[in-house]
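Read the structure below first, then the notes.
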Amino acid sequence: MPLVELKNVSKRFGKVVASSNINLRIEDGEYITILGPSGCGKTTLIRMIAGILEPSEGQVLIDGKDMIGTPIEERDIGYVFQNIALFPHLNALENVSYGPIVKNLTEGERHNVSNQYLNLVNLLDRMKMFPSDLSGGEQQKVALARTLASGSKLLLLDEPLSALDARVRVDLRYELRRITKNLGLTVLHVTHDQEEAMTVSDRIVLMRRGRIVESDTPEMMYRAPKELFTANFIGETNLLDGVVVSSGIERSLIELRDGSIVEAQPGEFDPGDLVVISVRPENVRATDEGLNSTIRSISFMGTYLRITAEADSEDILGFDVHVARGMDFNVGDTVSLGWVMESALVYPKPPGGIAEAVKLE
Ligand code: ATP
C-alpha cells in the first residue's frame, strides 16, 4: 500500500493556481524530492500533505485513509522546516526531549530516546550545549533528531538545508539519506536545488507552474528526460534548433540553421519537423569532422575547463575539457565540435519557442 497518495489535487489562492491536478503516489520507504523553480508550488504541496493547507479539490491519502479534515497533529507526520526553530533556553538534549510524543514518556524513557536520536545525528557530545552555541548545521541536526524522536514513519522536509553553508549542506545531505534509510522512513523533501535532489532521492518529482512535469529516478531524469524543461533544469545542456532530415530506428539526422547536418537519437519524427536537440557539455567533444565553431570563453572549473564556442549555425555550445588539455584551446580559436549520436536527445520544438519552454517561473 502506498504511504502517501495525492489524487487530482488542486489548490487555488484567489486567482493563483498553486497546484493543478496533482496525482502522485509515494511508496512506503521511498525518499522523494519535490524539485522545481521558486513559486512552482512545492511548499503548497507539502503543506497539503501535512494538513497545514486543505486542497481546493482532490484527495490526500495517508496509509489509504483520506486525510481531508484531519488536523496536522493527528496525521502522525514529522515536519522539518527551513528555519531552525529550537527552544533557545533548552540545551540540545532537552530540545530533543521536547518532541511531541517523547514528552509524554517517563523521564528515564525520555532521556534514553533523546540520547538515541542525538547519537543518530552524531551530536551526543554536544547534548548540553544551547542552540546559540551550536553551528547552523548542528542546530538543524538537533531539529531533525527532535522530529525523528517523535517516531513518525512519514517525514516532510521543506528546504531543510537551504539556510546552511554550501559545505555543511553537502555533508548533511548524505546524513539525511543515511539516517532516514536506516530508520525505514518515507521522506518527502522539498528543494529548489537540483544537485541536492540528485544526491538524496530515490525519485525526483519535478514541478513547474503548479504541475508535475515528470517524475523518475535521478539517473533517468538526467540521462533520458522526457521533457525539454527537465533536460534544461536538471544538469546543464546545450539546446540547438533544427529541422529533421530523416528519423529512423537507428538515428535521426537533423539540419541546423547553417545547413550542417548532425546525428541524434532516433525518434518518431517526419522530415521537415522542427525540433530541438539537447546535448550535455560533457558529451560535446573536439573532433575532426564536427561543427565549425569559434571559442568565445574559457572558465576554470577545478578539474575541468568549461569552454563556450559559437558554431557557424549561431548555436552556442558549452563543452568540457580536462585541465591538462587546457593549453590546446584559446579564445578566438576555431574548433570542430561533435558528439556521439546516443548523447543527443531530440524534442519537438515547442510552439512558444525554446526560451519560453525552459523559463524558470
Ligand atoms: P519557493 O521555492 O519560492 O518557496 P514554492 O515552489 O514553494 O516556492 P509555493 O510557496 O507553493 O511555491 O507557492 C506557489 C504559488 O502560490 C506562488 O505563486 C505563491 O505566490 C502562491 N501562494 C502560496 N501561498 C499563498 C497564499 N497563502 N496566498 C496567496 N498566494 C499564495
Side-chain angles (χ1 to χ4, degrees), residues 1-28 30-86 99-101 140 143-144 146-148 150-163 176 180 185-194 196-197 200-201 203-215 233 360-361:
M1 183 186 288
L3 197 66
V4 180
E5 205 169 3
L6 301 178
K7 289 187 177 172
N8 306 316
V9 168
S10 295
K11 178 69 183 174
R12 287 180 291 277
F13 296 104
K15 285 190 179 149
V16 176
V17 182
S19 305
S20 179
N21 200 29
I22 302 282
N23 286 288
L24 178 65
R25 276 166 68 105
I26 303 166
E27 304 298 334
D28 194 5
E30 226 184 342
Y31 196 126
I32 294 260
T33 46
I34 308 283
L35 175 69
S38 183
C40 72
K42 305 179 293 293
T43 297
T44 302
L45 195 71
I46 205 170
R47 286 190 178 156
M48 288 191 288
I49 297 171
I52 298 167
L53 289 173
E54 290 288 346
S56 308
E57 278 148 33
Q59 281 181 297
V60 174
L61 300 132
I62 298 181
D63 264 341
K65 285 191 247 67
D66 193 334
M67 285 289 128
I68 304 299
T70 306
I72 183 166
E73 60 276 12
E74 290 173 25
R75 293 195 182 191
D76 193 16
I77 284 172
Y79 199 165
V80 178
F81 303 85
Q82 172 179 345
N83 296 317
I84 305 146
L86 297 177
I101 292 181
Q140 195 59 311
L144 179 67
R146 184 174 63 186
T147 305
L148 296 175
S150 69
S152 311
K153 285 287 177 203
L154 175 60
L155 184 62
L156 305 181
L157 305 169
D158 191 357
E159 299 272 8
L161 308 177
S162 59
L176 262 182
T180 55
L185 305 184
T186 305
V187 184
L188 198 77
H189 175 150
V190 162
T191 181
H192 63 276
D193 180 339
Q194 50 106 5
E196 187 171 304
V200 294
S201 339
R203 188 153 60 99
I204 296 175
V205 175
L206 180 63
M207 289 187 69
R208 185 191 192 210
R209 298 178 179 166
R211 295 177 182 275
I212 294 178
V213 178
E214 67 180 289
S215 159
F233 192 82
L360 300 184
E361 50 121 285

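FYI, side chains are in, hydrogens and waters are out, and symmetry mates aren't considered; it's all heavy atoms of this structure. Predicted, not measured: the structure shown is a model, and the values here were computed from it. Along the sequence shown, residues are numbered consecutively beginning with 1.
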Query raised in the report: Taking C-beta and beyond as the side chain, do Leu35 and Gln194 meet within less than 4.5 Å on heavy atoms?
Result: yes

Query raised in the report: When rounded to the nearest 0.5 angstrom, what is the spacing between CG in Asn23 and CD1 in Ile212?
Result: 7.5 Å

N/O donor-acceptor pairs under 3.5 Å from side chains in residues 64-72, not counting sequence neighbours:
| from | atom 1 | to | atom 2 | distance (Å) |
| --- | --- | --- | --- | --- |
| Asp66 | OD1 | Ile68 | N | 3.0 |
| Asp66 | OD2 | Gln59 | NE2 | 3.0 |
| Thr70 | OG1 | Met67 | O | 3.3 |

Requested in this report: Indicate yes or no for a side-chain donor-acceptor contact from Thr147 to the backbone of Ala143 under 3.5 Å, with no hydrogens or angles considered.
Outcome: yes

Query raised in the report: Are any of the side-chain heavy atoms of Leu155 and Thr180 separated by less than 4.5 Å?
Result: yes

Query - CG-NE2 distance between Leu161 and His189, expressed to the nearest 0.5 angstrom - result: 5.0 Å

Query raised in the report: So, the side chain of Ser56 versus the backbone of Arg12: is there a donor-acceptor pair under 3.5 Å, distance only?
Result: yes

Report summary line: For Val80 and Pro160, the nearest pair of non-hydrogen atoms, with its separation, is CG1-CB, 4.3 Å

**Report entry** Any donor-acceptor N/O pair, Asn8 side chain to Asn21 backbone, under 3.5 Å
**Finding:** no

Report task. Grab the two heavy atoms, one from Arg47 and one from Tyr79, that are nearest each other, plus how far apart they are. Result -> CG-OH, 3.7 Å

Query raised in the report: Crowded around Arg211 CZ? As in, over 12 foreign heavy atoms under 6.0 Å?
Result: no

**Report entry** Side chain proximity check, Met48 to Leu6, heavy atoms < 4.5 angstrom
**Finding:** no

Report task. Kindly indicate whether the side chain of Glu159, heavy atoms from C-beta on, has any atom under 4.5 Å from the side chain of Thr191. Result -> yes

Report task. Could you check if a side-chain atom of Leu154 sits within less than 4.5 angstrom of a side-chain atom of Ile26, using non-hydrogen atoms only? Result -> no

Requested in this report: State whether the side chain of Gln140 and the backbone N or O of Phe81 hold a donor-acceptor pair below 3.5 Å, judged by distance alone.
Outcome: yes

Requested in this report: For Asp76 and Ser152, work out which heavy atoms get closest and say how close.
Outcome: OD1-OG, 3.3 Å

Query raised in the report: Between atom SG of Cys40 and atom CD1 of Ile34, what is the distance when rounded to the nearest 0.5 Å?
Result: 9.0 Å

Query - Non-hydrogen atoms of Val60 and Ile49 that approach each other most closely - result: CG1-CA, 4.1 Å

Query - Euclidean distance, Asp158 CG relative to Thr43 OG1, rounded to 0.5 Å - result: 4.0 Å

Report summary line: Between the CG atom in Leu86 and the CZ atom in Arg146, the distance rounded to the nearest 0.5 Å is 5.5 Å

Report task. May I ask you to decide if Gly36's main-chain N or O and Lys42's side chain share a donor-acceptor pair within less than 3.5 Å? Result -> yes

Query raised in the report: Between Arg203 and Arg25, what is the shortest heavy-atom contact and its length?
Result: NH2-O, 2.6 Å

Query raised in the report: Is there a side-chain contact between Leu3 and Asp63 (heavy atoms, below 4.5 Å)?
Result: yes

Query - Test item: Leu61 and Lys7 side chains (from C-beta on) under 4.5 Å apart, heavy atoms - result: yes

Query raised in the report: Rounded to the nearest 0.5 Å, what separation is found between the OG1 atom of Thr186 and the CD1 atom of Ile32?
Result: 9.5 Å

Query raised in the report: Any side-chain heavy atom of Val205 sitting closer than 4.5 Å to one from Leu24?
Result: yes

Report summary line: From the list Ile22, Thr44, Leu45, Val17, side chain to side chain contact (heavy atoms under 4.5 Å, CB included) partner of Lys11 resolves to Thr44

